[in-house]
Structure formats: structure tokens, C-alpha cells
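The model shown is predicted, which means the values in this text are computed figures rather than measured ones.
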Amino acid sequence: MNLSILIPLLNEEESLQELYTWIIKVMQSNNYSYEIIFVDDGSTDDSWNIIESFSNENPNVKGIRFMKNFGKSQALHAGFAKAKGDVIITMDADLQDSPDEIPELYEMITKERFDLVSGWKKKRYDSVVAKNLPSKLFNWAARKTSGVELNDFNCGLKAYKNAVVKNIEVSGEMHRYIPVLAKNAGFNKIGEKVVIHQARKYGETKFGMDRFINGFLDLITIWFLSRFGKRPMHLFGLLGSIMFLIGFLLALYLGIDKLFINKTSRLITERPHFYLSITAMIIGTQLFLAGFLGEIILRTKSNEARYKISREVNF
């Protein structure tokens, strides 16, 4: 199978018919073998019934319905697990991503041998203050932190080699950093393509300003996980040992000073250095224990699904 088109969605009943017709037109004009996977992330409108009607008329259309809203990352994770195409294309359901971009993205994966190609909405039709400026700041921070040179990490339109989606785990709100996850998994040929950004035609965005705050927090998380996710003791154990050693040496100095140098000086407990040494040793011990517990959790964690599926069609 040439292509898997993966579309996570939440309450997009108005745009689904137009999007579906547009994708089918592109698939047929290029003679692709394909599947379209809609992942309904707990919609409360008529989105699921529309997806079911598509699947009844076209066996290439498949659907996954979550029991409630679990988030875009979980929707992508579920779709990646089911995708069978040689190339997986992800796109949003709000018609802001153009299916006409699919053939070029497909060629970049199959002929230019990219592992992943991310869309870049160079010209945007969003609010400058509410979205464009925060997005530029966010993408700058993501580039500097991750080392992945992309201009638009959060663009929903991306193309992946099948092996990429089968070897990364998208959880929490990490869908923004899939290129970073791919790089950390060993897929280094990551490209970018300028894509058309269309103004939202129906409804309103499901993401508010809090996504940028969450995005920066997730950036810190992924920086830590990429470096110490498999060996937390290397960070916390090192910091803990340094802190404990500083506190111990300071306490040792105070003890020697009191016993052998300034025997008639004030009590150790009356000196602020004593409390600094005790605090340093306590913090050092806690950091060391945090690393130790992290290692235990890492070795005993279960990969329980972070979402619940209520319905599937055509799988």
C-alpha cells in the first residue's frame, strides 16, 4: 500500500465531507493505493456518523473512535499503530492543510529518501499576536534545544516513512515534537517543505494560548528524556553526589575547626555554615534517591494504553 492518510479530529463535522472528497480526488488522480484513517478523539457532534458513512461506501476508509477526548498525541499514537502504508501522511481535519500537498510529500519520502518531512506554513492566516508571534518564539526555542532545524514543528501536515511511526511513542502532548522523537530514535534524514496554509473555513480552533505554555514545558521534558530518559541516575545521581559531597566537606571542615583549631569559638550549631552543610547533604540525598527511584520505575513500568477505544470500522 502506497499511502496511509491519518486524520485526528475533534468536532469537525462541517469540514469532513469536503476534506474526504478532496483526498479521494488526489488519490485517484495519482493512482495511489491508500487507506484513510480517521481518529475521532471523543467528538460530541456528528463526526463519527459521517466517518461511518464514508467507511460504508469506501472500504479504504477506516475509523477509530475514542471513548472521550484523550488528546491529539494519543489519537496519532492509535493511528500510527494501525497504519499499513509505505508512507504515512498526517493532516488536520479543519481544511487548513491542503491534500494537494500529498504527492510532493510522498515523492520526498520515496524518491529523495527522507525519513520524515514536516510541513512549513511559511505564510499563515492566523492572528499575528495570538498565534504567529508565539509560534515563532516556540519554534526558535525548539530548534535551539533539540538541534532539529525546522521552522514549523507544530504543523499538522507531515509525511513519514512507515518505519518511523512504528518506532516512536507519541504520548502526553508530544505530537509537537515528533521530529525530535524521530531523531532520538535514530532517524536523521528529516526534511521540510513549504506548504499552503488555508484560513479556517468552519468552526473554531480547539487550541488556546495555553498550548504554547504546555509546549515549552513539553520541550523541557523532551530535552530531559532525550538525554537522560533511559538513565535518570546519571543526572540525579551525579547532582546528588556533588551536593552531598559539598555538604559533607563543609561539615567536616566545621568539625575539624571546632575540635582542633578554634576550640573556644562559638558552637557549631550557632554558625550558619552548619545549616548550609546539612541542607546540602539532605538535598544531595534526595536527588540521589530520585535517580534511584527513576531507575526502578523505568525497569518496572508497564506500557498501558493511555486511551480507550469504543469503536473501530474497517480494520
Side-chain angles (χ1 to χ4, degrees), residues 1 3-28 32-85 87-102 154-160 165-166 169-176 178 198-208 210-211 304-315:
M1 183 183 295
L3 281 164
S4 293
I5 312 298
L6 175 56
I7 305 170
L9 62 106
L10 175 64
N11 295 332
E12 297 287 359
E13 61 179 358
E14 295 172 306
S15 62
L16 285 177
Q17 181 63 58
E18 186 174 341
L19 177 64
Y20 169 70
T21 303
W22 195 352
I23 293 174
I24 294 299
K25 179 183 176 182
V26 172
M27 295 298 103
Q28 291 177 346
Y32 291 135
S33 57
Y34 69 94
E35 63 179 358
I36 304 173
I37 303 175
F38 290 98
V39 184
D40 183 353
D41 187 20
S43 295
T44 55
D45 62 3
D46 206 37
S47 295
W48 180 250
N49 291 330
I50 295 171
I51 293 168
E52 283 192 318
S53 69
F54 295 158
S55 66
N56 290 333
E57 68 182 52
N58 184 349
N60 294 319
V61 176
K62 303 173 182 182
I64 300 171
R65 187 183 192 186
F66 285 176
M67 295 182 71
K68 67 172 188 176
N69 177 230
F70 286 99
K72 186 174 181 178
S73 291
Q74 281 59 243
L76 289 173
H77 186 274
F80 286 158
K82 298 285 189 179
K84 296 179 180 178
V87 176
I88 290 83
I89 304 286
T90 60
M91 61 191 309
D92 294 334
D94 55 12
L95 295 174
Q96 290 189 282
D97 296 332
S98 170
D100 289 334
E101 304 282 358
I102 292 175
N154 203 32
C155 179
L157 186 57
K158 289 182 172 67
Y160 309 84
V165 303
K166 300 303 182 183
E169 184 173 345
V170 189
S171 60
E173 293 188 25
M174 292 298 178
H175 58 274
R176 301 179 182 91
I178 291 180
Q198 303 181 122
R200 176 178 271 274
K201 192 172 182 179
Y202 304 105
E204 57 186 27
T205 181
K206 309 302 186 298
F207 302 98
D210 61 332
R211 71 172 179 161
E304 181 182 355
R306 295 168 298 278
Y307 50 84
K308 302 294 182 183
I309 296 173
S310 64
R311 296 283 299 279
E312 290 185 357
V313 291
N314 282 347
F315 284 108

Let me see the working for E18 and W22 under side-chain hydrogen bond (donor to acceptor under 3.5 Å, both in side chains), right down to the final yes or no. CA-CA 6 Å; E18 186 174 341; W22 195 352; over 6 Å; no
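- The main-chain N or O of R176 is never found under 3.5 Å from a side-chain atom of N154 such that the two would form a donor-acceptor pair.
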In sequence, state the C-alpha distance, the side-chain angles, and the governing distance for V39 and L9, and then conclude on side chain to side chain contact (heavy atoms under 4.5 Å, CB included). CA-CA 6 Å; V39 184; L9 62 106; over 6 Å; no
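- Taking the charged nitrogens against the carboxylate oxygens, D41 and K68 have no contact shorter than 4.0 Å, which rules out a salt bridge.
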Pair Y34-I23, side chain to side chain contact (heavy atoms under 4.5 Å, CB included): steps then yes or no: CA-CA 10 Å; Y34 69 94; I23 293 174; 5.8 Å; no
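- The backbone N or O of G85 lies less than 3.5 Å from a partner atom in the side chain of S4, making a donor-acceptor pair.
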Given S43 and D40, is the side-chain hydrogen bond (donor to acceptor under 3.5 Å, both in side chains) satisfied, shown in steps? CA-CA 6 Å; S43 295; D40 183 353; 2.6 Å; yes
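- Going from atom CD1 of I7 over to atom CG of L76 covers 11.5 Å, rounded to the nearest 0.5 Å.
- Here the straight-line distance linking atom CG of D92 with atom CG of L10 works out to 11.5 Å at 0.5 Å rounding.
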Test side chain to side chain contact (heavy atoms under 4.5 Å, CB included) applied to Y160 and I89, step by step: CA-CA 6 Å; Y160 309 84; I89 304 286; over 6 Å; no
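- At least one donor-acceptor pair under 3.5 Å links the side chain of S73 to the backbone N or O of M174.
- Side chain of N58 to main chain of N60: a donor-acceptor pair is present (N/O by atom type, distance under 3.5 Å, no hydrogens or angles).
- A donor and an acceptor atom, one from each side chain of S47 and E13, are nowhere located under 3.5 Å apart.
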Would T21 and Q17 count as a side-chain hydrogen bond (donor to acceptor under 3.5 Å, both in side chains) here? Give the steps. CA-CA 6 Å; T21 303; Q17 181 63 58; 3.2 Å; yes
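- In M67, the CE atom is not crowded: 12 or fewer heavy atoms of neighbouring residues, nucleotides or ligands sit closer than 6.0 Å.
- Aromatic rings from Y20 and F38 are positioned such that their centres are separated by 6.0 Å or more.
- Using a distance-only test at 3.5 Å, with no hydrogens or angles considered, a donor-acceptor pair links the side chain of S15 to the main chain of A93.
- Within a 6.0 Å radius of NZ in K25, other residues, nucleotides and ligands contribute 12 heavy atoms or fewer.
- Using a distance-only test at 3.5 Å, with no hydrogens or angles considered, no donor-acceptor pair links the side chain of K72 to the main chain of H175.
- For the pair N69 (side chain) and G42 (backbone), a donor-acceptor distance under 3.5 Å is absent.
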I51 and L16: CA distance, side-chain angles, deciding distance, side chain to side chain contact (heavy atoms under 4.5 Å, CB included) verdict: CA-CA 8 Å; I51 293 168; L16 285 177; 4.3 Å; yes
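- You'll find the side chain of M27 reaches within 4.5 Å of the side chain of I5, heavy atoms only.
- A salt bridge is absent between E35 and K82: the closest approach of a Lys/Arg side-chain nitrogen to an acidic carboxylate oxygen does not fall below 4.0 angstrom.
- A pairwise comparison of heavy atoms in I102 and V26 identifies CB-CG1, 4.4 Å as the closest pair.
- Here OG of S55 is found 7.0 Å from CH2 of W48. Values are rounded to the nearest 0.5 Å.
- Of the inter-residue distances, the one linking K84 atom NZ with L3 atom CG reads 15.5 Å to the nearest 0.5 angstrom.
- Interatomic distance, CZ of F54 versus CD1 of I36, reported as 9.0 Å (0.5 Å rounding).
- How far CD1 of I50 is from CG of L19: 11.5 Å, rounded to the nearest 0.5 Å.
- Side chains of T90 and L157 form no contact here, defined as non-hydrogen atoms less than 4.5 Å apart.
- The aromatic rings of Y307 and F66 lie parallel to each other, with less than 30° between the two planes, well short of the 60° mark.
- With contacts defined as side-chain heavy-atom distances shorter than 4.5 Å, the pair H77/E169 qualifies.
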Applying salt bridge (charged side-chain N to carboxylate O under 4.0 Å, His left out), run through R311 and E52 and close with a yes or a no. CA-CA 10 Å; R311 296 283 299 279; E52 283 192 318; 2.5 Å; yes
